[in-house]
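Presented below is the structure to which this report refers.
FYI, side chains are in, hydrogens and waters are out, and symmetry mates aren't considered; it's all heavy atoms of this structure. A, B, ... follow the sequence lines: proteins, then strands. Residue 1 opens every chain.
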Number of protein chains: 2
Amino acid sequence: MPKDRAPTRIQKKNRAAILEAALNVFSAHGFRGATVDQIAAEAGLSKPNLLYYFPSKEAIHTALLSGLLDTWLAPLHELDADGDPMEEILSYIRRKLQMSRELPRESRLFANELVQGAPRIHEALSNDLKALVDEKTAILTQWMDEGKIARLHPYHLVFSIWALTQHYADFDVQVRAILGDEDPFDGAEPFIDTLYRKLLTP
Amino acid sequence: MPKDRAPTRIQKKNRAAILEAALNVFSAHGFRGATVDQIAAEAGLSKPNLLYYFPSKEAIHTALLSGLLDTWLAPLHELDADGDPMEEILSYIRRKLQMSRELPRESRLFANELVQGAPRIHEALSNDLKALVDEKTAILTQWMDEGKIARLHPYHLVFSIWALTQHYADFDVQVRAILGDEDPFDGAEPFIDTLYRKLLTP
DNA sequence: CGTGAGTTTGACCAGATGGTCAAATCAAGA
DNA sequence: TCTTGATTTGACCATCTGGTCAAACTCACG
């Protein structure tokens, strides 16, 4: 195991390569379906060498998830209580949809974990995520109280945004099987935009 | 392997027990994460005995998926071109949501498969599912042409229904982590109902 | 009851998989 | 250049896992 001094050039490069490879493999096969050999091969390292940088498969997975959680929640963080309500929400949705488009592996990584009961991130859900959502739904509720947007169950409003945007990354195969050559996101963006404009208009 | 005559009493009982156990295990851990021993134990059989009824793990999975596909698509099948457009769509949505509530294991079984690229049901998606969706979106399009419901991209309308309803089964842990004790479906039903009333009203 | 088909199982196997270790190789600063 | 810590690897191990098989047991029916 590398000592915990300042990471060397090689350590930086290899750790990054491992996490990148792990993202590919874990998002495509889930934790149990991924093998250390596969990750090592994809990172261009031998298995013992990979295990020199991370003590176990579990450790790689954990590092990956916790490293990406911030990225994943960033769009919601940006929701600003002082902005225009409709614009704030719609641009949150656009950011979420863009993440599904540009970071589908990350979306599927979390989806895999969640579908199987989130054994490894249950804590983060009940703490960080819950806190963030509570903070932001308070803003939504205030906007509703002020009559700026339609009154709706704020938690379910958030769930609906997650569901509609992440669906395109998580169930990509299904979407494409039905749409054929059409780009999913070309149609999704205006559709979702229209949906929320109608829904949120008081 | 049992001969393919009329199945005996014991064959019926054991096959059913195996599929029930397999549904539990596959939906909770995915194909790769499930073990034959686990399924056998949960079905109350020894592993060799289980493999007397199904030739392989793969075969159990396939039997399960193809057996459930009809159930899974039934709500959409019922969408009736001759009914009242708004009522037809809303009751389709209610049926879908009810399935998420009552058959969450089935939902997660498919979710697991889809998130990982649907290696085992890709064909069914491109054939059966695609055909059914095409048939039903034709009805939706006609209703739009007649001005009975708002004009929207019909495929994305269907995707949105799947996303919003299945989200509650597939990502149950996350939803519950945020809602706490509140029953997810109590809030989801009126929310989704309101959403589609607003969205579909021309 | 006898019998043959249907059912069940303990013992076993081969390959996959996560992980270890000592030895070899490499890199960078003194 | 030399030394020392960082890096890499081949060989290896224990366990898990899907699957096999022959022998034993059970059941239904004549």
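With sequence neighbours left out, the ring-ring contact (aromatic ring centres under 6.0 Å, His included) criterion links B:H29 to no other residue. Residues satisfying the ring-ring contact (aromatic ring centres under 6.0 Å, His included) criterion with A:H167, sequence neighbours excluded, are A:F171. Legend: residues meeting side chain to side chain donor-acceptor pair (under 3.5 Å) with B:E87, ordered by chain and number and at least two apart, are absent. Residues passing the ring-ring contact (aromatic ring centres under 6.0 Å, His included) test with A:W72 are A:F110, sequence neighbours excluded.
Listed by residue number, the members of residues 18-29 of chain B with any heavy atom below 4.0 angstrom from DNA chain C form an empty set. For residues 58-68 of chain B, proximity to DNA chain C is found at no residue, defined as any non-hydrogen atom under 4.0 angstrom from a strand atom.
Note on ring orientation: taking the six-membered ring where Trp is involved, the planes of B:Y155 and B:H153 are tilted (angle from 30° to 60°).
Within 6.0 Å of CD on A:E182 lie more than 12 heavy atoms contributed by other residues, nucleotides or ligands.
For residues 130-140 of chain A, the salt bridge (charged side-chain N to carboxylate O under 4.0 Å, His left out) pairs, not counting sequence neighbours, are A:K130-A:D134. For residues 45-68 of chain A, every residue pair satisfying the salt bridge (charged side-chain N to carboxylate O under 4.0 Å, His left out) rule, not counting sequence neighbours, is listed here: A:D37-A:K47, A:E58-A:R120. The salt bridge (charged side-chain N to carboxylate O under 4.0 Å, His left out) analysis of residues 154-164 of chain A, with sequence neighbours excluded, yields no pairs. Residues in residues 156-179 of chain A take part in these salt bridge (charged side-chain N to carboxylate O under 4.0 Å, His left out) pairs, two or more places apart or across chains: A:D172-A:R176.
Comparing D:dT7, C:dG6, D:dT17 by their closest approach to the side chain of B:Q11 singles out C:dG6.
A donor atom on one side chain and an acceptor atom on the other are not found under 3.5 Å apart for A:S107 and A:Y168. When only modelled atom types and interatomic distance are considered, A:Q38 and A:E42 share no side-chain donor-acceptor pair under 3.5 Å.
Nearest-nucleotide positions on DNA chain C place B:K13 closer to the 5' end than the other of B:R32 and B:K13.
If you take NZ of A:K57 and C1' of D:dC16, they are 12 Å apart, rounded to a whole angstrom. Protein atom CG of B:N14 is 12 Å distant from nucleotide atom C1' of C:dG6, rounded to whole Å. In this structure, CG of B:D37 is placed 7 Å from P of D:dG18, rounded to the nearest angstrom. Rounded to whole Å, atom C1' of C:dT17 lies 12 Å from atom CD1 of A:I39.
Atom CG of A:L64 sits about 11.5 Å away from atom CG of A:L69, to the nearest 0.5 Å.
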Reading 5' to 3' through nucleotides 9-14 of chain D, protein heavy-atom contacts under 4.0 Å coded B for base, S for sugar-phosphate only, - for none = BBB---
Give every pair of a protein N or O atom and an N or O atom of nucleotides 22-30 of chain D that lie under 3.5 Å apart, one pair per line with the distance.
{"residue": "D:dA28", "atom": "OP1", "partner": "B:R9", "partner atom": "NH2", "Å": "2.9"}

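As judged by a 4.0 angstrom heavy-atom cut-off over every strand, B:A40 is placed among residues making no nucleic acid contact.
One finds a side-chain N or O of A:Y53 lying less than 4.0 angstrom from the OP1 or OP2 phosphate oxygen of D:dT8.
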